[in-house]
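This report concerns only the one structure given below.
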Amino acid sequence: MKRKTSPVVLAGEAMRTRFEIVLADDRDPASLRAAGEEALAEIARVEQELSAFRPDSFLARVNAEAAEHPVLVDGVTFAFLARAGELAAAVDGAFDPTVGALTALLRRGASEAELAEAPVGFAKYVRLDAEARTVAFTTRGVRLDPGAIGKGWALDRAVEVLREAGVKHALLHGGTSSVVAMGEWPVAVQHPTDPDRRLARVKLRDQALGVSAIHGRAFRRGEERVGHVVDPRTGASVAHTLQAAVITDSATEADALSTAMLVLGRPIAGTDALIVSADGKRQATGLFRSRRPRAPGQDA
């Protein structure tokens with residue numbers, strides 16, 4: 001009988017987040033570690049491509065130059081932008097990577113009039129040329145910010161690296177809010193305001209979990225302190241929903257849809273979702289519906 005080996009766990013920092021990979025294949029730990037290290041290196045490469053904060057990233061160059069002329073990008077970056085645009089269209093702009101124009105204005109305390117004029121809307125302001133592999137903006141001031149889906153994209157890329165290395169059973173997460181499972185793994189969704197409580201426990205089977213919440217960073221709007229999640233369609237800070245969680249086939253899609261549902265305050269049709277509103281009410285669909293609600297203070 002072959003002895004079962006202990007999981008190999010690796011971690012690294014990227015995108016201002018701690019990424020962790022747990023590799024549980026019954027194989028040589030050294031080969032697992034090598035595969036995990038290459039997957040972490042892939043996550044670091046995604047940061048180099050897509051960081052909105054690194055001046056040497058592909059995305060920073062696009063933000064700086066695309067209003068002046070079409071910018072040539074590599075195939076992987078182009079594929080990310082194309083997918084981001086598709087997801088924005090699918091949720092009618094409740095998630096939109098051009099929201100970076102709004103968040104940049106909020107960081108510097110812009111007026112309501114300036115916020116109202118922010119060029120937000122992927123379909124309106126971003127032009128992708130698949131044949132030339134270029135990105136162009138139709139006006140000045142457009143700013144792409146991948147936000148949470150940057151983490152999801154990095155995890156999906158890391159999964160591809162692990163698959164190519166023959167890994168079949170692994171769990172990857174970025175800051176616990178973006179999770180992807182290779183094989184079957186039980187995962188829990190934390191309560192948005194009490195990390196010691198669990199809202200639900202589900203089993204992911206070659207699936208991804210995305211969780212978006214309004215807690216965390218905040219901006220000042222005059223005398224008011226507002227949350228960091230902004231509705232791209234209106235510029236309003238989201239306050240009606242505390243948290244949204246969704247299970248899909250990819251981490252990129254899960255992160256986009258959880259962000260959109262946080263903005264919408266409701267599940268998107270056909271998804272496995274869990275929504276917690278500001279008054280504590282829950283809306284659950286699909287895999288989350290089977291989780292019976294518990295009294296406050298109990299685990300789900």
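Quick note: residue numbers are just sequence positions, from 1.
- Clustering ILVMFWY residues whenever any of their side-chain heavy atoms sit less than 4.5 angstrom apart, transitively, puts Leu72 in a cluster other than the one holding Leu50.
- Side-chain contact check for Glu47 versus Arg54: some heavy-atom pair is nearer than 4.5 Å.
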Please lay out, stage by stage, how Leu81 and Leu59 fare under the test side-chain contact (heavy atoms from CB on, under 4.5 Å). CA-CA 10 Å; Leu81 294 174; Leu59 198 67; 4.3 Å; yes
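- Not one N or O on the side chain of Thr77 forms a donor-acceptor pair closer than 3.5 Å with the backbone of Val73.
- Within the 4.5 Å cutoff, no side-chain heavy atoms of Gln190 are placed close to those of Leu199.
- Judged purely by atom type and a 3.5 angstrom limit, Trp185 has no side-chain atom pairing as donor or acceptor with the backbone of Arg205.
- Using a distance-only test at 3.5 Å, with no hydrogens or angles considered, a donor-acceptor pair links the side chain of Thr285 to the main chain of Thr271.
- Residue Gly174 comes nearest to Thr17 through the heavy atom pair C-CG2, 3.4 Å, listed as atom of the first residue, atom of the second, then distance.
- Under the 3.5 Å distance criterion, the side-chain polar atoms of Thr234 are matched with a main-chain donor or acceptor of Ala236.
- Once rounded to the nearest 0.5 Å, the distance linking CG of Leu172 with CD of Glu20 reads 9.5 Å.
- Put simply, the side chain of Glu42 never gets that close to the backbone of Ala158: no donor and acceptor are under 3.5 Å apart.
- Considering CG of Leu204 and CG of Leu171, their distance stands at 7.5 Å, rounded to 0.5 Å.
- Under the salt bridge (charged side-chain N to carboxylate O under 4.0 Å, His left out) rule, Glu38 has a single partner from Arg157, Arg33, Arg45, which is Arg45.
- When atom types are taken as modelled, the side chain of Asp25 and the backbone of Arg27 share no donor-acceptor pair closer than 3.5 angstrom.
- Val161 and Val167 fall into different hydrophobic clusters, where Ile, Leu, Val, Met, Phe, Trp and Tyr side chains are chained together by heavy-atom contacts under 4.5 Å.
- Counted by atom type alone, Ser212 and Ser258 present one or more donor-acceptor pairs between their side chains at under 3.5 Å.
- Both Leu10 and Val180 belong to a common hydrophobic cluster when Ile, Leu, Val, Met, Phe, Trp and Tyr are linked at side-chain heavy-atom distances under 4.5 angstrom.
- For the atom pair Asp96 CG and Leu87 CG, the distance stands at 10.5 Å (nearest 0.5 Å).
- Phe80 and Phe58 fall into different hydrophobic clusters, where Ile, Leu, Val, Met, Phe, Trp and Tyr side chains are chained together by heavy-atom contacts under 4.5 Å.
- Within the 4.5 Å cutoff, the side chain of Trp153 has heavy atoms near those of the Val76 side chain.
- Checked by atom type and distance alone, the side chain of Asp206 pairs as donor or acceptor with a backbone atom of Gly183 at under 3.5 Å.
- Side-chain contact check for Arg127 versus Val135: every heavy-atom pair is 4.5 Å or farther apart.
- Remark: the backbone N or O of Leu162 is not paired with any side-chain donor or acceptor of Glu164 at under 3.5 angstrom.
- For CG of Asp194, the number of neighbouring non-hydrogen atoms (other residues, nucleotides, ligands) closer than 6.0 Å is greater than 12.
- Atom CD of Glu13 is separated from atom CZ of Phe19 by 9.5 Å, given to the nearest 0.5 angstrom.
- Lys151 and Ser177 are linked by a side-chain donor-acceptor pair at a separation below 3.5 angstrom, with hydrogens and angles left out of the test.
- Shown here is Gln48, whose CD atom has more than 12 heavy atoms of other residues, nucleotides or ligands within 6.0 Å.
- We find the CD-CG distance between Glu117 and Leu102 to be 11.5 Å, quoted to the nearest 0.5 Å.
- Not one N or O on the side chain of His173 forms a donor-acceptor pair closer than 3.5 Å with the backbone of Ile21.
- One N or O on the side chain of His240 and one on the backbone of Val263 form a donor-acceptor pair closer than 3.5 Å.
- Rounded to the nearest 0.5 angstrom, His169 NE2 and Met182 CE are separated by 9.5 Å.
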